[in-house]
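Take a look at the structure below.
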Amino acid sequence: MKQIGLFGGTFDPVHYGHLAVGKAAIARFAFDILYFIPAAVPPHKTERLITPFSHRVAMLRLALKDEPRFVVSEIEGQRNGPSYTIDTLSQFRQELGPGADFFFIIGLDAFGDITTWNRYRKLLAATSFVVIDRPTHHRRTVAQVVAEDLPDYREAGTGVWRNTAGMHIYALEMNPVAVSSSLVRERLRRRMDVQGMVPQVVVEYLRSNGLPLGEEVKG
Ligand code: ATP
């Protein structure tokens, strides 16, 4: 059985927090491949302009080039309409066949809203989740989200829950990296440097493409 990690996000732009998540997840789960999947039209981020998909993909490719098991997937750029994870997962299942186990990687901030996701019950029955705690976003713990919102799961070990479909939720601890794409965009807008927050190749890409990363649009 191949172990496949799926890491969805906006990646506007990719930063060291994302890379640290990928490394922590691959260290624990020994994925054969970990796909980074930029959303073409993120359903949860409609309040601002998003940098064009092709630029976000290009920056991801640069940032991931030294990690052979990290692969950029353009699967969500090939569909029209909002990028729903359940559709992405179905497409991966179809393409990779029955010999693959999937683990969807997600930050705790996003996981706390899982019950607002399109067809979330179907999604939870179709894939395991790896949930990563995230500094500066201290809301509910994974255990609280499971206890309050996901009655179909039972505890199956420390930081592990299992549902009736046999899918798991794993809480993954990692050393916190206090970076977010919003912080990077904000610093770029103020013409501050973002060294140490995003890989140097991404800094250079931003510079040479003169990218005004999606301006925040209020309201
Ligand atoms: P923004 O600041 O624009 O909301 P972001 O930094 O959260 O962006 P996304 O592309 O939305 O980046 O994140 C993709 C996934 O990575 C999400 O599940 C998010 O929770 C997680 N993530 C992002 N940054 C970190 C970090 N520093 N530590 C842990 N998880 C992170």
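Just the heavy atoms: all of them, side chains too, but no hydrogens, waters or symmetry mates, feed the values below. Source: prediction; values computed, not measured. Counting starts at 1 for both ligands and their atoms, following the listed order.
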### Query
Does Val194 reach the side chain of Val203, with side-chain heavy atoms less than 4.5 Å apart?
yes
### Query
In terms of ring plane angle, is the pair Phe7 and His18 parallel, tilted or perpendicular, where the classes change at 30° and 60°?
perpendicular
### Query
Thinking salt bridges, do Arg207 and Glu204 make one under a 4.0 Å N-O criterion?
no
### Query
Can you list the ligand 1 atoms lying under 4.0 Å from a non-hydrogen atom of Gly8?
14 (C), 15 (C)
### Query
What atoms of ligand 1 come within less than 4.0 Å of a heavy atom belonging to Ser181?
1 (P), 2 (O), 3 (O), 5 (P), 6 (O), 8 (O), 12 (O)
### Query
Can you tell me if Thr10 uses its side chain to pair, donor with acceptor, with the backbone of Asp12 under 3.5 Å?
no
### Query
Below 4.0 Å from any atom of ligand 1, is there a heavy atom belonging to Asp12?
no
### Task
May I ask you to check whether Phe11 has an N/O atom sitting below 3.5 Å from an N/O atom of ligand 1?
yes
### Task
Take the angle between the ring planes of Phe31 and Phe103 and call it parallel below 30°, perpendicular above 60°, tilted in between.
tilted
### Task
Identify, by atom number and element, the atoms of ligand 1 in contact range of Arg185, meaning under 4.0 Å from any of its heavy atoms.
3 (O)
### Task
Measure Val179 to ligand 1 on non-hydrogen atoms and call it side chain, backbone, both or neither using the 4.0 Å cut-off.
backbone
### Task
May I ask you to check whether Tyr205 and His55 place their ring centers less than 6.0 Å from one another?
yes
### For Val21, the ligand 1 atoms whose distance to one of its heavy atoms is below 4.0 Å
29 (C), 30 (N)
### Message
Is it the case that ligand 1 has an N or O less than 3.5 angstrom from some N or O of Gly17?
### Response
no
### Message
If the contact criterion is a heavy-atom separation under 4.0 Å, does Ala178 count as touching ligand 1?
### Response
no
### Query
Does the side chain of Phe53 reach to within under 4.5 Å of the side chain of Glu74, using non-hydrogen atoms?
yes
### Query
Against heavy atoms of Ser182, which atoms of ligand 1 measure under 4.0 Å?
1 (P), 2 (O), 3 (O), 4 (O)
#### Entry: Contact atoms of ligand 1, heavy-atom distance to Ser180 under 4.0 Å
2 (O), 6 (O)
### Query
Has the side chain of Ser181 got a donor or acceptor atom that lies under 3.5 Å from a matching backbone atom of Pro13?
yes
### Query
Of all the atoms in ligand 1, which lie at a distance below 4.0 Å from a heavy atom belonging to Gly9?
10 (O), 14 (C)
### Task
Report the C-alpha distance between Phe102 and Leu96 in whole Å, list the side-chain angles of each, state the deciding distance to 0.1 Å, and finish with yes or no for side-chain contact (heavy atoms from CB on, under 4.5 Å).
CA-CA 10 Å; Phe102 292 96; Leu96 299 185; 3.9 Å; yes
### Query
Under a 4.0 Å heavy-atom limit, does Phe7 contact ligand 1 with its side chain, its backbone, both, or neither?
side chain
### Query
Do the rings of Phe29 and Tyr170 sit parallel, tilted or perpendicular, given the 30° and 60° boundaries?
perpendicular
### Query
Can you find an N or O of His15 that's nearer than 3.5 Å to an N or O of ligand 1?
yes
### Task
Return yes or no for this condition: an N or O of Gly107 is under 3.5 Å from an N or O of ligand 1.
yes
